[in-house]
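Step one of this worksheet: look at the structure below.
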Amino acid sequence: MLAEYVEHYIGKDRTQRIERTNGILRQQTGRFHRRQHKFSKLWEWTEIAVRLLVTFFNWIWIHSRKKTTAAQRANLTNRKWTWDNICTYSTLL
């Protein structure tokens, strides 16, 4: 059986978005800096902080140039969400 050939594209135009997200994550959460008092010793708290930050940047934060959120650009919603919308959104557990 032959393996599928996957062409990998390496370029700044595709990795900039990932690197920017990683930079924002490191800058906004002190949990990844061991020298600060905000360093989290429990993985669960770090996971919660990362999920909140990703949720904020995908559903609430409006891009300054595009004037939309990431969820709007992905056609997941037609408006900017608030923390109240996220906290009261019903999900399947």
Side-chain angles (χ1 to χ4, degrees):
M1 183 176 216
L2 295 173
E4 286 188 39
Y5 176 73
V6 177
E7 184 176 333
H8 293 280
Y9 176 83
I10 300 172
K12 190 171 184 174
D13 59 326
R14 302 245 176 122
T15 59
Q16 179 182 6
R17 191 175 303 159
I18 295 169
E19 291 299 324
R20 181 177 182 169
T21 303
N22 290 340
I24 290 169
L25 181 67
R26 284 191 309 271
Q27 184 180 19
Q28 296 295 324
T29 58
R31 297 182 178 278
F32 298 109
H33 304 289
R34 191 174 278 276
R35 294 183 182 170
Q36 293 183 1
H37 294 292
K38 294 184 251 179
F39 175 70
S40 180
K41 296 178 183 174
L42 297 175
W43 174 250
E44 291 82 13
W45 288 104
T46 302
E47 187 178 8
I48 290 169
V50 170
R51 286 178 184 234
L52 286 173
L53 186 69
V54 170
T55 300
F56 172 76
F57 278 104
N58 285 334
W59 294 91
I60 298 174
W61 182 73
I62 294 181
H63 191 279
S64 61
R65 192 169 24 132
K66 297 178 182 177
K67 305 297 185 206
T68 58
T69 64
Q72 287 174 312
R73 292 189 298 277
N75 292 324
L76 298 174
T77 184
N78 58 3
R79 62 181 171 79
K80 173 188 173 264
W81 282 34
T82 64
W83 280 116
D84 188 50
N85 298 129
I86 291 170
C87 292
T88 58
Y89 183 75
S90 61
T91 59
L92 297 174
L93 297 176

Any L76 side-chain heavy atom under 4.5 Å of N58 side chain: no
Flag the pair H63 / T69 as yes when at least one side-chain heavy-atom distance between them is below 4.5 Å, and no otherwise. no
Mind checking side-chain hydrogen bond (donor to acceptor under 3.5 Å, both in side chains) for R79 and listing every partner two or more places apart, or none if nothing turns up? N85
I'd like to check the side-chain hydrogen bond (donor to acceptor under 3.5 Å, both in side chains) partners of T55; sequence neighbours left out, ordered by chain and number. none
Applying ring pair (Phe, Tyr, Trp, His ring centres under 6.0 Å), name anything that partners W81, two or more places apart in sequence or on another chain. W59, Y89
Quick one: which residue pairs count as a salt bridge (Lys or Arg N to Asp or Glu O under 4.0 Å) with a foot in residues 49-59, not counting sequence neighbours? E47-R51
Side chain to side chain contact (heavy atoms under 4.5 Å, CB included) partners of I48, counting only residues at least two apart: W45, L52
Those residues that, when tested against D84, pass side chain to side chain contact (heavy atoms under 4.5 Å, CB included) (two or more places apart): T82, T88
How far apart are the closest heavy atoms of K80 and I62, and which atoms are they? CD-CD1, 3.3 Å
